[in-house]
Amino acid sequence: MRINQNLMAANSSRNLTNTNTMMGKSLEKLSSGLRINRAADDAAGLVVSQGLRAQVSGLKQATRNAQDGISVVQTAEGALNEVHTMLTRMRDLAVQAANTGGNDLAARNAAQSEITQLSTEIDRVASTTKFGQSKLLDGSFGSTPATKTGFLTSNSVTLTAGNTFTIDINGLGAVTVALPALAAGSTGSQAASVISGAINTALAASANTNIAALAGNVAMTATVEGSGVALTLSVSGLTAGQTFAMADGTVGALASFGFTVGSTVTAAAGSGGSFQVGANAGDTLSLTVPGVSTTLLAINALSVTTDAGAAAAITSLDAAIASVSSSRGTLGAIQNRFESMINNLAVTTENLQASESRIRDLDMADEMVKFTKTQVLQQAGTAMLAQANQIPQSILSLLRGG
């Protein structure tokens, strides 16, 4: 029997320490409901489950994106429904005006007046129907902005007061842009801000409402390239094929900023509004909404005051109604597609969550069995350690016997 080395107590203490460690892990799992609380619990499982968790989170966001897509479609389709109503009324008026045997000139003029008002309202609906800040029905939804780039050999700009140039967007009429002075040493970014601000201010001040409506659509950016700087002017909100052109004023401001003077820039057709409807790159759906302005529908010059004009108006309005009907049919099909996507995303999300749960979540019943075993071992280990600590006391009886 030994006093200095109580091996039975050391063994009991080691086993009790291991049991306490297992007890701590078991309590952590039971309290969190997770089998994997840290990488050490299951390194490979953590890697797989984190990937699945990211996919699930992305799919949930994709579902919200698809729901936004439905909202966009419903907004556009609701406005097109009203356009349809107005086109049908305009056709009725054209048919009425064509009945010259029963309508005098005053009646036809009244029909023409209502057609003019309805045409104006169609244009208003086309220009003001938005989702957020994106116009849906003016033909610009998803189009690529028209851009023009100039280059300065130095990123240091000086501009004196009195510099002017003109900008003409889509042939609506040239607007004179007056540039304020720029202090010596101003950067390209400062120059870009001044130019775009001056253009938008000039557009907003125009008496032509079509020009004024474009205020805010012009932006200029500056990109440093070596010792120089590239200035890029972009005009958004243009329908595919629409243009903008700039011409120098009396001082030659455009040339001094490196722009080619007098060239016309054309907006390109885009792929439409893009919706991210999946968790991975490239899982997108493009939505194109055709414009419905009277110009795009070719009904901007209707006249029903004559027999020929009324007959031509009926033909034009038939084509316009068919065009809007086609657009609404396409939007309806897209909405159904979005709804199918949402259903599919919900099923995929559910299955991935189940896969992630099998890897990461805890089987509570199984862990409770382990916990109960560990609890018993802990109680037994504590009792045995107490007993082992008492064994050296028996040596005292030997000493007393001596």
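The minimum heavy-atom distance between Ile299 and Ser119, with the atom names listed, is O-OG, 4.2 Å. The shortest non-hydrogen separation linking Ser26 to Glu367 is OG-OE2, 2.8 Å. Nearest heavy atoms, Ile359 versus Gly45: CG2-O, 3.5 Å. Across Leu331 and Val289, no two heavy atoms sit closer than the pair CD2-CG2, 4.2 Å.
Using a 4.5 Å heavy-atom threshold, the side chains of Val194 and Pro180 count as touching. Between Glu82 and Ile122, the closest side-chain pair of non-hydrogen atoms is not below 4.5 Å. Leu30 has its side chain within reach of Met364: a pair of non-hydrogen atoms, C-beta onward, lies under 4.5 Å apart. Inter-residue side-chain proximity for Glu225 and Phe151 is flagged as met; some heavy-atom pair is nearer than 4.5 Å. Taking the side chain as every heavy atom from C-beta outward, Arg360 and Gln50 approach each other to under 4.5 Å. No side-chain heavy atom of Thr223 sits less than 4.5 Å from a side-chain heavy atom of Thr232.
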Take Met22 and Gln378, measure what side-chain contact (heavy atoms from CB on, under 4.5 Å) needs, and give me the verdict at the end. CA-CA 10 Å; Met22 288 189 294; Gln378 185 185 49; over 6 Å; no
Using the side-chain contact (heavy atoms from CB on, under 4.5 Å) rule, take Thr288 and Phe141 through it: C-alpha gap first, then chi angles, then the decisive distance, then the call. CA-CA 7 Å; Thr288 301; Phe141 185 69; over 6 Å; no
Using side chain to side chain donor-acceptor pair (under 3.5 Å), reason through Asn65 and Gln61 one step at a time and then give a plain yes or no. CA-CA 6 Å; Asn65 292 349; Gln61 181 59 57; 3.0 Å; yes
Begin with the C-alpha distance, continue with both residues' side-chain angles, and end with the deciding distance and a verdict on side-chain contact (heavy atoms from CB on, under 4.5 Å) for Leu317 and Leu297. CA-CA 8 Å; Leu317 287 166; Leu297 293 175; over 6 Å; no
Leu179/Phe165 under side-chain contact (heavy atoms from CB on, under 4.5 Å): CA gap, chis, key distance, verdict: CA-CA 8 Å; Leu179 293 174; Phe165 63 92; 3.9 Å; yes
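Inspection of the Asn81 and Glu77 side chains reveals no N or O donor paired with an N or O acceptor under 3.5 Å. Between the side chains of Ser293 and Asp123, not a single donor N or O lies within less than 3.5 Å of an accepting N or O. When only modelled atom types and interatomic distance are considered, Asp283 and Gln276 share no side-chain donor-acceptor pair under 3.5 Å.
A distance-only check finds no donor-acceptor pair linking the side chain of Ser113 to the backbone of Asn109 [under 3.5 Å]. Listed for the Asn200 side chain is a donor-acceptor partner under 3.5 Å among the backbone atoms of Val218. Judged purely by atom type and a 3.5 angstrom limit, Glu356 has no side-chain atom pairing as donor or acceptor with the backbone of Leu52. For the pair Asn6 (side chain) and Ala388 (backbone), a donor-acceptor distance under 3.5 Å is present. Ser186 places no side-chain N or O within donor-acceptor distance of the main-chain N or O of Leu182, the cut-off being under 3.5 Å. At least one donor-acceptor pair closer than 3.5 Å links the side chain of Asn37 to the backbone N or O of Leu34. Of the possible donor and acceptor atoms, none in the side chain of Ser326 sits under 3.5 Å from a partner among the backbone N and O of Ala322. A donor-acceptor contact shorter than 3.5 Å is absent between the side chain of Ser323 and the backbone of Ala319. In this structure, the side chain of Asp168 does not engage the main chain of Ala245 through any donor-acceptor pair within 3.5 Å. Distance alone, capped at 3.5 Å, places no donor-acceptor pair between the Ser13 side chain and the Ala9 backbone.
Counting heavy atoms of neighbouring residues, nucleotides and ligands inside a 6.0 Å radius, atom CZ of Arg328 exceeds 12 of them.
To the nearest 0.5 angstrom, Ser193 atom OG is 10.5 Å from Met220 atom CE. Atom-to-atom distance recorded for Thr374:OG1 and Lys370:NZ is 9.0 Å, nearest 0.5 angstrom. Going from atom OG1 of Thr19 over to atom NZ of Lys373 covers 9.0 Å, rounded to the nearest 0.5 Å. Between the CD1 atom of Ile314 and the CD1 atom of Ile321 there is a distance of 10.5 Å, given to the nearest 0.5 Å. A distance of 7.0 Å separates CG in Leu285 from CG in Leu287, rounded to the nearest 0.5 Å. With values rounded to the nearest 0.5 angstrom, Ser57 atom OG is found 12.0 Å from Leu352 atom CG.
Pairs engaging residues 340-354 under the side-chain hydrogen bond (donor to acceptor under 3.5 Å, both in side chains) rule: none recorded [sequence neighbours left out].
A salt bridge does not link Lys25 with Glu28: none of the charged nitrogens is closer than 4.0 Å to a carboxylate oxygen. Ion pairing between a basic and an acidic side chain is recognised when a charged N comes within 4.0 Å of a carboxylate O; Arg35 and Asp41 show no such pairing.
Among Leu80, Thr120, Val292, Val83, the one residue that satisfies the side chain to side chain contact (heavy atoms under 4.5 Å, CB included) test with Val125 is Val83. When each of Thr100, Asn99, Thr306 is paired with Arg108, the side chain to side chain contact (heavy atoms under 4.5 Å, CB included) condition holds for Thr100 and for no other.
Checked against a 6.0 Å centroid threshold, the rings of Phe275 and Phe338 count as neighbours.
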For residues 68-75, dump all side-chain donor-acceptor pairs below 3.5 Å to protein atoms at least two apart in sequence or in another chain.
{"residue": "Ser71", "atom": "OG", "partner": "Gln67", "partner atom": "O", "Å": "3.2"}
{"residue": "Thr75", "atom": "OG1", "partner": "Ser71", "partner atom": "O", "Å": "2.8"}

